[in-house]
Amino acid sequence: MRARTGVAAGATAVTGTVVTVLAALALAGGGTPATAGDPGAVRPAAPTYVAWNAVEVPEVPGVRYVDASGDTLTGRLTVPPASDGVNGTVYLKAVPAAGHTLVEPDELSWEWYLGAARADDLVTTTVTGCDVTFTSRFAEPVEVYVDGAAGRDPATALTLAGAGATATVRAGGATATYDARNGADPDVAWWSSAPLDTFDCVLGTGTRGTTTTVDGCTVRFAPTATDVRITDISYRRGDGTRSYTGVRQVEGGTVDGWTATAPAAFDFSALGVSNVTVLWSETSRSGSTDRSYHGSVVACPGPTTEPTAEPTAEPTAEPTAEPTAEPTAEPTSPPTTEPTTAPTGQPTSTPAAPVALTFSGATAQRYATTSWVGVTVSGATTGTVTLTGVGARQTAPVTQGRAAFRVPAALAPGRYTATFVLATSGAGNRTRQTSTFTVSKGATVIGSSISRMPTSRATGTMLVGVSFSGNATSAVPRPAGAVGIRIFRADGRQVWYSGAKALAGGTYRTALPALARGTYRMTTAYSGGTLALGASQERTITVR
């Protein structure tokens, strides 16, 4: 980010590093007046971007906005340019005016380190089918570069002339990407990218290099050309968004750990749902020409796919029923009675297919995440399955020959035995299946926020927060353990260490020492614990 910037009268620009702000700092909406319980209580509003490198200080009665020195800020604040590899920021904090209190008194709920805007701060993006519309939020011109738009050169910019200005393009790539930039000088202007999920717009296009077969929840790719690679295997969730979570490769090799080489097969049973729309991209080489294809197929057929399942079910049922009936009937039935008894006696004389449970789904997960496990049920069409051994007892109905369960996120690390028991009114009641399930320590992320930067004559204040990086963090407590903060000079010499300090509710607040002017390297390390892996963060701070 390099551009000429300034600060409006009465405002103060503060430079420093762009910090990782805790989730509590991400605020939206306007300020509110006093509440009924406390006439003096007010809720500050979050600052809003009015340009790619500037924000407007909110005006809320009873609230005063200040900089790191406590001086009042009003009007527009311009983010200073980057300097010596350190991004510029503006510090802004809301404090109650005389006679008022904040609705949420937590200090860090109302302070911000503001850097340059992101793409989604500059423009609003709306996807309708395969049409992508961009709407500017600012009076200043903004340029939007779209990679993957049909009929457009990726280097061609769409210019949004002012607030409310729009531009629409037709998506033509498997995943379109747009950059929103300051239009003054693209070579030196800040820019940011954001992906647009337009995969469906290219389904079926290109030259296909595989044949695809679906076996329940398993999708198999057989190559029809040489050197075929599956590069983007995913599925549609119920809300329409794409996801890669829970996709399990069961056959074939990989390149770089994520590109599958055909022949290959992927299993989607861990999702625990029917009619999964599977999406993929593939590339194949024919001579010196690379060819691509984007495809879709439905796995885990459910009730809506019964008409297509019936023809495949009949041939497999008839051959297995007839041979087992004839050998058992011949020794006991006279030959003269076969023609008359076989048709009427076949249903009662044919032994019932054995009832069996077959494990499906994930075999391991990290703490603070969830996964699906279950069984496929053969030989029984109704009943329920009970799961024990991995958290609290769960019971699920047999639906389309399957029963699925979600393993709880709060299951402690260790090795478990999942036990599935079928309950049905017919044969096979109490059929049992067991499988090993492993939970490892949860992955964590660490963030920090400096509410008061130290100077050569005054100490600073810092808050450290640690959280699980899984997809079900709300179901588990914040990580426990200790953190340690170290500060080093530019030459690598350590000048301060906080010691190992215990987290309380996943956070730790500490004072920073007074430091001479200069740039320092700071490391913040989390030790981990019985439930969590360790994590660390490294950043620079500039003392002025």
Side-chain angles (χ1 to χ4, degrees), residues 215-219 235 237-239 243-250 265-276 278 299-303 305 352-443 468 470-477 530-532:
D215 180 13
C217 287
T218 301
V219 179
Y235 61 91
R237 293 187 294 196
D239 60 2
S243 178
Y244 303 86
T245 304
V247 180
R248 186 165 62 99
Q249 185 176 353
V250 294
F266 297 84
D267 178 74
F268 295 84
S269 60
L271 306 182
V273 295
S274 300
N275 303 315
V276 180
V278 177
C300 303
T305 58
V355 176
L357 304 181
T358 304
F359 177 81
S360 64
T363 58
Q365 72 180 29
R366 287 193 179 277
Y367 181 76
T369 67
T370 64
S371 59
W372 288 94
V373 297
V375 288
T376 56
V377 183
S378 57
T381 58
T382 61
T384 60
V385 175
T386 299
L387 168 62
T388 57
V390 286
R393 178 189 183 99
Q394 300 183 60
T395 299
V398 176
T399 304
Q400 297 296 314
R402 300 180 68 247
F405 306 85
R406 184 178 289 279
V407 179
L411 195 62
R415 190 179 180 89
Y416 299 84
T417 299
T419 301
F420 303 86
V421 179
L422 173 67
T424 181
S425 58
N429 187 45
R430 304 297 298 170
T431 299
R432 180 182 298 261
Q433 167 68 30
T434 61
S435 181
T436 299
F437 191 87
T438 304
V439 180
S440 56
K441 290 184 179 182
F468 286 104
N471 57 13
T473 53
S474 61
V476 298
T530 58
L531 302 177

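Note that the structure is predicted; figures quoted are calculated from it, not measured.
- The nearest pair of heavy atoms linking A404 to A396 is O-CB, 3.7 Å.
- Under the side-chain contact (heavy atoms from CB on, under 4.5 Å) criterion, V247 pairs with I233, Y235, F266, F268, not counting sequence neighbours.
- In terms of the side-chain contact (heavy atoms from CB on, under 4.5 Å) criterion, residue partners of S360 (sequence neighbours excluded) are, by chain and number, S269, T376, R402.
- Pairing each heavy atom of T431 with each of A356, the nearest pair is CG2-CA, 4.5 Å.
- The two residues T218 and A265 come nearest to each other via the heavy atoms CG2-CB, 4.0 Å.
- Residues satisfying the side-chain hydrogen bond (donor to acceptor under 3.5 Å, both in side chains) criterion with T363, sequence neighbours excluded, are absent altogether.
- The shortest heavy-atom contact between T438 and R415 is OG1-NH1, 4.1 Å.
- Closest non-hydrogen pair, S371 versus F437, comes out as OG-CZ, 3.6 Å.
- The main-chain N or O of A409 is never found under 3.5 Å from a side-chain atom of Q365 such that the two would form a donor-acceptor pair.
- When all heavy atoms of G379 and V355 are compared, the closest pair comes out as O-CG2, 3.5 Å.
- Evaluation of the side-chain hydrogen bond (donor to acceptor under 3.5 Å, both in side chains) test over residues 381-394, restricted to residues two or more places apart or in two chains, returns T386-T395.
- Ring-plane geometry between F420 and F405 is classed as tilted, the angle between the planes lying from 30 to 60 degrees on a 0 to 90 degree scale.
- Interatomic distance, OH of Y367 versus CG of L411, reported as 9.0 Å (0.5 Å rounding).
- V421 is linked by a side-chain contact (heavy atoms from CB on, under 4.5 Å) to T419, R430, R432, counting only residues two or more places apart in sequence or in another chain.
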List the steps and the verdict of side chain to side chain contact (heavy atoms under 4.5 Å, CB included) for N429 and T424.
CA-CA 5 Å; N429 187 45; T424 181; 4.2 Å; yes
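- To the nearest 0.5 Å, the span separating CG on L271 from CZ on R406 amounts to 9.5 Å.
- Taking V398 as the reference, V377, V385, L422 meet the side-chain contact (heavy atoms from CB on, under 4.5 Å) condition, with sequence neighbours excluded.
- The distance from the CG atom of D215 to the SG atom of C300 is 10.5 Å, given to the nearest 0.5 Å.
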